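In what follows, chains carry the letters A, B, and so on, assigned in the order in which the sequence lines appear, proteins first and then strands, with residues in each chain numbered from 1. Below, each value reflects all heavy atoms present in this structure, side chains not excepted, and no hydrogens, waters or symmetry copies. Model, not experiment: these values are computed from the prediction.
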Protein chains: 2
Amino acid sequence: MLALAVLSALVERPMHPYEMATILRERGKDDDMEIKWGSLYTVVRNLAKHALIEPAEVGRDGRRPERTVYRITTTGHDELVDWVRELIAMPGPEHPRFRAGLSVLSVLHPGNATALLRERLARLDDGVIAARAALEQYGREVPRLFLAESEYDLAIRVAEAAWIRSLLAEIDLGTYPGLDVWRAFHEENP
Amino acid sequence: MLALAVLSALVERPMHPYEMATILRERGKDDDMEIKWGSLYTVVRNLAKHALIEPAEVGRDGRRPERTVYRITTTGHDELVDWVRELIAMPGPEHPRFRAGLSVLSVLHPGNATALLRERLARLDDGVIAARAALEQYGREVPRLFLAESEYDLAIRVAEAAWIRSLLAEIDLGTYPGLDVWRAFHEENP
DNA sequence: ACCGTATTACTCGCGCGCGAGTATTCGCAA
DNA sequence: TTGCGAATACTCGCGCGCGAGTAATACGGT
């Protein structure tokens, strides 16, 4: 994944690793994908080994340690495009933590579960407000195309909130089937 | 994560590791969370070391190698509940692969991008149909409570599909801002 | 009776991810 | 002008995740 970020950074211009890190952090790429900066130099070396990028020049700035500036190769560019194609076209199996939580929801007392769901809902709503504000802000500085990930993220959060709301509604109205069994189980087992 | 699954399995009754694997696979827990079965015995040993589970009996079935049956401890149960609480109440930062893809969407020609988005949309819709069918099926065998994760998953997929549809609509109608710049860039750079 | 394949039930080592550390330089305040 | 924190630019080793392997038994076919 970090490799994807590196390649995408090198598309606009050649860079040395530390500069990539700076740029990518500025653009908030570490919100879009899980990035461990400790792996940066390893990843860069690997990309170079597979000839997806190549050293362009080895500069020295004053007395600083020498920096190797990398450029993306044609193979690298092709690989990048293929990679993105797959990420876009193929819905892979995702594993959000919330889903894992839901899959063991039954270990909680229903009363507790609903309270926690309401808590998540509140945080989610806050997040949505914040995200909308941030989007409106960035929307004036950056072309819309570069905000697609954030717009997507926002849409998903809204959907999650809506789903939780509908679940809570069913439970509150008592129309959720098996609710009594669920509650009974937790009140019998101390 | 696998630890979560193990604990949740041991809540209903004591078990030996291989049995956990069987049960968890049957229940499709490996759809809910990323599970590497190679780590099962390591994880179980760790849980035991931290006293979240403990050996209950060491049985031997015929000439088979001896199997250690584990039971969950009180500490283990508390830890499990705390863990689930956090998973439910705290929306953590998620990193779906699609989001990473979107964040570098600009490396594709817009025509290509829309084609790939349409492809994803198709696959997504198929998935939704299948998931709905599966849910209706399981709905007769299993209490609704144990399908929450799948219902959630379905809702999110539907939302993703809707978002993609609205994005495609904007692009098709030409109302997506910066579309011409995007196309121009890719047609100038060979 | 014989063989092959599936299932049960685990073990283990190697690979590499990445947190924590390092060394140098720059900026700025007193 | 000296000192000190932030920024620059990397390196490295240890930890452990997990794929690939193992070995024994059960089962089904002929």
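The nearest whole Å value for the distance from the CD1 atom in A:Ile23 to the C1' atom in D:dA9 is 15 Å. What separates CZ of A:Arg45 from P of D:dA9 is a distance of 17 Å, to the nearest Å. Whole-Å rounding puts the B:Arg67 CZ to C:dT11 C1' distance at 18 Å. We find that CD of B:Glu19 is positioned 11 Å from P of C:dC10, with the value rounded to whole Å. Here D:dC10 presents its C1' atom at 13 Å from CE of A:Met20, a figure rounded to the nearest Å. A:Glu26 has its CD atom 13 Å from the P atom of D:dA7, to the nearest Å.
In this structure, A:Glu12 places its CD atom where more than 12 heavy-atom neighbours from other residues, nucleotides or ligands lie under 6.0 Å away.
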Under 3.5 Å, which protein N or O atoms sit close to an N or O of nucleotides 16-20 of chain D? Give each pair with its distance.
from, atom 1, to, atom 2, distance (Å)
D:dG19, O6, B:Gly38, O, 3.3

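The side chain of B:Tyr18 contributes an N or O atom lying less than 4.0 Å from OP1 or OP2 of C:dT8. Considering only side-chain N and O atoms, B:His16 lies nowhere under 4.0 angstrom from the phosphate OP1 or OP2 of C:dT8.
Salt bridge annotation for A:Glu170-B:Arg144: present, with a cationic side-chain nitrogen under 4.0 angstrom from a carboxylate oxygen. In summary, A:Arg132 and A:Glu136 do not engage in a salt bridge, as defined by a charged side-chain N under 4.0 Å from a carboxylate O. Taking 4.0 Å as the cut-off between side-chain N and carboxylate O, A:Arg13 and A:Glu19 count as a salt-bridged pair.
Geometrically, A:Arg120 engages A:Phe98 in a cation-pi contact defined by less than 6.0 Å to the ring centre and at most 45° from the axis.
Looking only at distances, no side-chain donor or acceptor of A:Trp83 sits under 3.5 Å from a matching main-chain atom of B:Gly101.
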